[in-house]
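Only one structure is covered here, and it is reproduced in the block below.
A, B, ... follow the sequence lines: proteins, then strands. Residue 1 opens every chain. No hydrogens, no waters, no symmetry mates; every other heavy atom, side chains included, goes into these values. On a predicted model such as this, the values are computed, not experimentally measured, just so you know.
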Amino acid sequence: MFRLTKTCGRARRGEFTCAHGMVQTPVFMNVGTQGAIKGALSAEDLAEIGCQVELSNTYHLHLRPGDELVRDLGGLHRFMTWDGPILTDSGGFQVFSLAGLRKIKEEGVTFASHLDGHRIFMGPEESMRIQANLGSDIAMAFDECVENPSPYDYVRASAARTARWLARCKAEHDRLCAQEDTVNPAQMLWGINQGGTYEDLRIENMKTIAGLDLPGYAIGGLAVGESTEAMYKIIEAVEPYMPKDRPRYLMGVGTPSNILEGVARGIDFFDCVMPARNARHGRLFTWEGAINIKNAKYERDESPIDPRCGCPTCRRFSRAYLHHLFKAEEMLGMRLAVLHNLYFYNELTARIRTALEVGDFAAFRAEYSEKLARKI
RNA sequence: GGGGGAAUUCCCGAGUGGCCAAAGGGGACAGACUGUAAAUCUGCUGUCAAUGACUUCGGUGGUUCGAAUCCACCUUCCCCCA
């Protein structure tokens, strides 16, 4: 399932295998919350930009079009015509992002739908059933993503509850996978570490969930209010307690520099809405830093977004053209920008993998960690 | 030829005596965005030695302590009647 092929300090190069293929790690997973990458990208585009894993969302697909409909149509892979690995997030992030629309109890969370306000109850069992219907390769545990900073006592109680929810997730997941008509009997369940910015809570929680012997572990509840330095500190504190032979996933992170620094701290899987969202807003990543294509200085710039980029956008189109498309609000501009940014993220992890293989990772990190964080 | 209406800061447009450097849009300029309620949100948009000063509301002159707002004439545009 997961095999480490090389390490460099805490950084790891590995291969992960699931029902829909092999994933080379470290990897960036491309976010398509509702079964599509925002910016008008299809599964076909995902292949072209080097995507290895697509990520979709339990809460959103449950609301629309409905997970039972997706199951009846053959599962999410068939529905969106993506044959590669899919990870589904559990709805735990919506406990954070839709904080004003939900109530948490021991049994689970009651949401007021952000679409029409109707009540939706989602607990560990519901989340597992929805993800089973979607047929993803990796189902994430249903957790509470707690905003930072939050009071110690609240975080301690919340992390303990999330750990109890994890045991319920595992029981329900095992039951569902054993059923005859299950969409993806090889679906895995990954656990999620919580504990806010408190190292002792993080470590205690990690020890507890590691005992469940799950095929993968994630660090959740980061990049939700704390500083970058605080985030790195937590990763460094928890990492030693994560099983060495299982993939580690840093949920929702992050900037190109965050990913590089995450790899350096022992992370294998990443995902983030940032490349797609920033692309839609005109902020494009390059190997020299991020540019804002809407800036007047690109009006007559005939060079590509990044001369070192091999993406479908950079192979053909100039900054001047992209600038025009954004100013004119042509949707092609957004699409070309998203193609570029996601290609860039996938290429970033590909170059990190190569650097790990040839033993250049430290040099690569030294060259790019600061450079990638620049805005130019 | 006769009658009526209008000219406001980059554009549209509110304002009809002091609370007006002038509402509100748009555009321009810039910023934010981290398991997506985000093709969204925020800032800024007369000048300067700048908690104040100066210039500005088609032009010129006037009334007034005070004028984008009132008066006279001029210019331009629009509408109606011939």
State the pairing partner of [N]; accept Watson-Crick or G-U wobble contacts with both distances under 3.5 Å, and report none otherwise.
N: B:A6; result: B:U76
N: B:A23; result: none
N: B:U40; result: B:A32
N: B:A14; result: none
N: B:C70; result: B:G62
N: B:G1; result: B:C81

Which nucleotide sits closest to the side chain of [X]: [options]?
X: A:Arg277; options: B:G31, B:A38, B:G35; value: B:A38
X: A:Ile192; options: B:U36, B:U34, B:G35; value: B:G35
X: A:Asp89; options: B:G35, B:A30, B:G31; value: B:G35
X: A:Lys375; options: B:U34, B:A32, B:A30; value: B:A32
X: A:Arg283; options: B:G35, B:U34, B:C33; value: B:C33

Using a 4.0 Å heavy-atom cut-off, does [X] contact any base of the nucleic acid, only the sugar-phosphate backbone, or nothing at all?
X: A:Gly333; result: nothing
X: A:Lys297; result: nothing
X: A:Asn57; result: sugar-phosphate
X: A:Leu250; result: nothing
X: A:Ala218; result: nothing
X: A:Leu115; result: nothing
X: A:Asn278; result: base

For A:Gln187 and A:Cys177 the tightest heavy-atom approach is O-SG, 3.8 Å
Looking only at heavy atoms, the pair that brings A:Leu372 and A:Thr286 closest together is CD2-O, 3.9 Å
Nearest whole angstrom, please: distance from the P of B:G35 to the CZ of A:Arg248. 22 Å
If we take the [atom1] atom in both [N] and [M], what is their distance in whole Å?
N: B:U8; M: B:A68; atom1: P; value: 15 Å
N: B:G18; M: B:C10; atom1: P; value: 24 Å
N: B:G66; M: B:U42; atom1: P; value: 43 Å
N: B:A72; M: B:U63; atom1: P; value: 15 Å
N: B:A49; M: B:C54; atom1: P; value: 16 Å
N: B:U47; M: B:U55; atom1: C1'; value: 7 Å
N: B:U76; M: B:G59; atom1: P; value: 15 Å
N: B:G15; M: B:C80; atom1: P; value: 25 Å

What class does the angle between the rings of A:Phe344 and A:Phe285 fall in, given that below 30° is parallel, 30 to 60° is tilted and above 60° is perpendicular? parallel
For A:Tyr321 and A:Phe317, take the angle between the two ring planes, folded into 0 to 90°, and tell me which bin it lands in: parallel under 30, tilted 30 to 60, perpendicular over 60.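 Ring orientation of A:Tyr321 relative to A:Phe317: parallel.
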Which atom pairs, one a donor and one an acceptor, fall under 3.5 Å between side chains of residues 322-332 of chain A and the rest of the protein, sequence neighbours left out?
| from | atom 1 | to | atom 2 | distance (Å) |
| --- | --- | --- | --- | --- |
| A:His323 | ND1 | A:Ile293 | O | 2.8 |
| A:His323 | ND1 | A:Asn295 | O | 3.2 |

On the six-membered ring of A:Tyr232, is A:Arg265 placed so that its NZ or CZ lies under 6.0 angstrom from the centre and within 45° of the ring axis?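 Yes, cation above the ring, under 6.0 Å and within 45°.
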Kindly work out whether a path of hydrophobic side-chain contacts (I/L/V/M/F/W/Y, heavy atoms less than 4.5 Å apart) joins A:Leu348 to A:Ile267. yes
If each of A:Glu299 and A:Ile37 is mapped to the nucleotide of RNA chain B with the nearest heavy atom, which maps nearer the 5' terminus, i.e. the 5' end?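 Nearest-nucleotide comparison on RNA chain B picks A:Glu299.
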Please list each protein N or O that sits under 3.5 Å from an N or O in nucleotides 39-44 of chain B, with the distance.
| from | atom 1 | to | atom 2 | distance (Å) |
| --- | --- | --- | --- | --- |
| B:A39 | OP2 | A:Arg280 | NH1 | 2.3 |

Picking from A:Asn30, A:Val31, A:Leu46, what satisfies side-chain contact (heavy atoms from CB on, under 4.5 Å) with A:Glu54? A:Leu46
Donor-acceptor list for residues 270-281 of chain A side chains, cut-off 3.5 Å, not counting sequence neighbours:
| from | atom 1 | to | atom 2 | distance (Å) |
| --- | --- | --- | --- | --- |
| A:Asp271 | OD1 | A:Tyr249 | OH | 2.7 |
| A:Asp271 | OD1 | A:Gly252 | N | 2.7 |

